[in-house]
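All values below come from the heavy atoms of this structure, side chains included, with hydrogens, waters and symmetry mates left out.
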Amino acid sequence: MSPPTRRPDGKETRGHNRITHHAIRQTMEAVTARAFRVGKDNVTAALEDDAGKLGVSVSIKLRLEPLLEPRNSSGTIFERAQQARAEITSRGTELTGLEIGRVDIRLTGGKQEVSKERRVT
């Protein structure tokens with residue numbers, strides 16, 4: 001057993017906690033997926049140092065909405081990305097305990113799901 005150490009407030013503690021790079025990356029991917037309302041498999045994240053803060057780069061595959069049909073979402077895609085960036089920063093900090101600096105967002109289009117109509121003869 002390791003000897004106790006003293007925290008700045010004078011209390012003794014034993015051991016330490018460590019969150020791995022992989023766990024932080026997966027957490028940021030889940031937070032991003034929730035912010036954009038997509039499945040986690042549509043998000044990839046990379047982590048880097050941002051002047052002592054956590055820098056996050058995420059790539060999201062978005063489903064393309066039909067151009068000639070009414071839109072399901074409010075606001076432009078850029079407005080949605082700004083809202084998502086704020087959510088990623090606040091929720092990511094809350095869950096990881098790390099100060100998040102820059103959040104780069106790359107939006108990529110996915111295929112529009114085409115409904116297959118079946119003919120009955």
For Gln82, give me all partners under side-chain hydrogen bond (donor to acceptor under 3.5 Å, both in side chains), at least two apart in sequence or on another chain.
Arg85
Report all side-chain donor-acceptor pairs from residues 92-105 shorter than 3.5 Å, counting only partners two or more places apart or in another chain.
{"unit_1": "Thr93", "atom_1": "OG1", "unit_2": "Thr89", "atom_2": "O", "d": "2.9"}
{"unit_1": "Thr93", "atom_1": "OG1", "unit_2": "Leu98", "atom_2": "O", "d": "3.3"}
{"unit_1": "Glu94", "atom_1": "OE1", "unit_2": "Arg91", "atom_2": "NH1", "d": "3.4"}
{"unit_1": "Glu94", "atom_1": "OE2", "unit_2": "Arg91", "atom_2": "NH1", "d": "3.0"}
{"unit_1": "Thr96", "atom_1": "OG1", "unit_2": "Gly92", "atom_2": "O", "d": "2.7"}
{"unit_1": "Thr96", "atom_1": "OG1", "unit_2": "Leu98", "atom_2": "N", "d": "3.2"}
{"unit_1": "Arg102", "atom_1": "NE", "unit_2": "Asp104", "atom_2": "OD1", "d": "3.3"}
{"unit_1": "Arg102", "atom_1": "NE", "unit_2": "Asp104", "atom_2": "OD2", "d": "2.9"}
{"unit_1": "Arg102", "atom_1": "NH2", "unit_2": "Glu48", "atom_2": "OE2", "d": "2.1"}

Show me, pair by pair, the donor-acceptor contacts under 3.5 angstrom made by side chains of residues 27-41, not counting sequence neighbours?
{"unit_1": "Thr27", "atom_1": "OG1", "unit_2": "Ala23", "atom_2": "O", "d": "2.8"}
{"unit_1": "Glu29", "atom_1": "OE1", "unit_2": "Lys40", "atom_2": "NZ", "d": "3.3"}
{"unit_1": "Glu29", "atom_1": "OE2", "unit_2": "Arg25", "atom_2": "NH1", "d": "3.2"}
{"unit_1": "Glu29", "atom_1": "OE2", "unit_2": "Ala45", "atom_2": "N", "d": "3.0"}
{"unit_1": "Thr32", "atom_1": "OG1", "unit_2": "Met28", "atom_2": "O", "d": "2.8"}

Holding to side-chain contact (heavy atoms from CB on, under 4.5 Å), I want the full list of residues that pass it with Ser59, two or more places apart in sequence or in another chain.
Thr44, Arg106, Thr108
Minimal non-hydrogen separation, Val58 against Val56, with atom names:
CG1-CG1, 3.7 Å
Polar side-chain atom of Asp49 near backbone of Gly52 as donor-acceptor pair, under 3.5 Å:
yes
Atom pair CD/CD of Glu87 and Gln83 - distance to nearest 0.5 Å:
9.0 Å
Locate the shortest heavy-atom distance separating Ala81 from Leu107; write the atom from each residue and the value.
CB-CD1, 4.4 Å
